[in-house]
Amino acid sequence: MSDNSTDLHEKEMNVTGHLTELRNRIIVTAVFFITFFALGFIYVKDIYHFFTADLSFQLNIISPGETIWLYFTMASLVAIAGTIPVLTYQIWAFIKPGLTDLERKASMAYIPAVFLLFIAGLVFGYYLFVELILPFLLGLSEGMFNEMFTTEKYFKFMLRVTLPFAILFEIPIIAMFLTTIGVLTPEFMRKSRKYAYLILIIIGTIVTPPDFLLQLVVAVPLILLYEISIRLSAFVYRKKLKRHQEFMDQEEL
């Protein structure tokens with residue numbers, strides 16, 4: 001009974017320690033989020049002018065609340081982008097004890113990659129919005145309506161297009177990381193290809209206007225992204241099998 005009580009106490013201490021560590025890491029992430037949010041709030045005007053500098057029309061507001069909404073939205077976007085490397089590191093540090101030395105070194109490289117792919121997704125989505133989607137929609141209404149765009153609706157629509165790409169561009173890194181820790185295999189991704197294609201096409205349909213050409217333009221890069229993810233997963237998987245075989249050969253010696 002004494003041994004059982006000791007084991008139970010040690011397990012409780014381990015769980016408590018993990019929860020304490022998780023809480024501390026969440027607090028650190030929250031502090032960085034608030035800091036970046038404050039920076040974004042300070043530089044909202046500069047961010048706003050960056051997004052509207054090349055617009056051929058003037059944005060309007062129809063209520064005082066839109067100004068507050070713009071400040072919080074732009075500041076939140078900066079906070080999310082700035083906190084991603086911190087959040088990624090905190091997640092990596094939390095699961096690090098369960099990884100091997102090789103897995104730790106390999107997965108450490110994912111931290112900057114997550115941030116860079118997030119930014120690349122935002123840039124791609126914004127370019128797609130400015131160069132294809134917005135001109136297409138403006139072309140539909142040319143000469144038919146007196147156009148007036150409110151700041152809130154314009155930025156809501158822009159973010160609805162750009163943010164999904166920022167998230168979807170993380171697929172290669174997620175695939176590589178899950179393959180590294182043994183949760184995912186390239187074979188599973190190949191078998192799930194048709195379902196993944198369907199999901200990606202649906203996402204492309206949601207974020208674009210009902211025009212087949214635009215939906216095709218969006219869907220093709222997403223499908224290519226998935227195929228790249230399969231190949232990266234296969235690369236990681238082969239290296240993992242090679243290391244395992246080398247370890248087994250050493251054990252036999």
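Just so you know, these numbers come straight off a predicted model, no measurement behind them. Side chains included, hydrogens not; waters and symmetry mates left out as well; all remaining heavy atoms used.
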Flag, side chain of E170 to backbone of L117, donor-acceptor distance under 3.5 Å: no
Contacts of type side chain to side chain contact (heavy atoms under 4.5 Å, CB included), residue [X], not counting sequence neighbours:
| X | result |
| --- | --- |
| R190 | P186, E187, R193, I230, A234 |
| L22 | I26, F94 |
| F32 | V28, F36, V86 |
| F57 | L55, L59, L134, L138, F149, Y154 |

Partners meeting salt bridge (Lys or Arg N to Asp or Glu O under 4.0 Å) with K156 (sequence neighbours left out): E152
Residue list, salt bridge (Lys or Arg N to Asp or Glu O under 4.0 Å) with E21, at least two apart or on another chain: R25
Pair listing, salt bridge (charged side-chain N to carboxylate O under 4.0 Å, His left out) test, anchored in residues 31-41, at least two apart: none
Salt bridge (charged side-chain N to carboxylate O under 4.0 Å, His left out) partners of residues 109-135, not counting sequence neighbours, each pair once: none
Residues that Y71 engages under side-chain hydrogen bond (donor to acceptor under 3.5 Å, both in side chains), provided they are two or more places apart: none
Residues clustered with V31, ILVMFWY side-chain links under 4.5 angstrom: I27
Plane angle bin for Y126 and F51 - parallel if under 30°, tilted between 30 and 60°, otherwise perpendicular: perpendicular
Residues forming a ring-ring contact (aromatic ring centres under 6.0 Å, His included) with Y89, sequence neighbours excluded: W92
Which pairs of donor and acceptor atoms, one on a side chain in residues 72-81, lie under 3.5 Å apart (sequence neighbours left out)?
| unit_1 | atom_1 | unit_2 | atom_2 | d |
| --- | --- | --- | --- | --- |
| T73 | OG1 | W69 | O | 2.7 |
| S76 | OG | F72 | O | 2.6 |

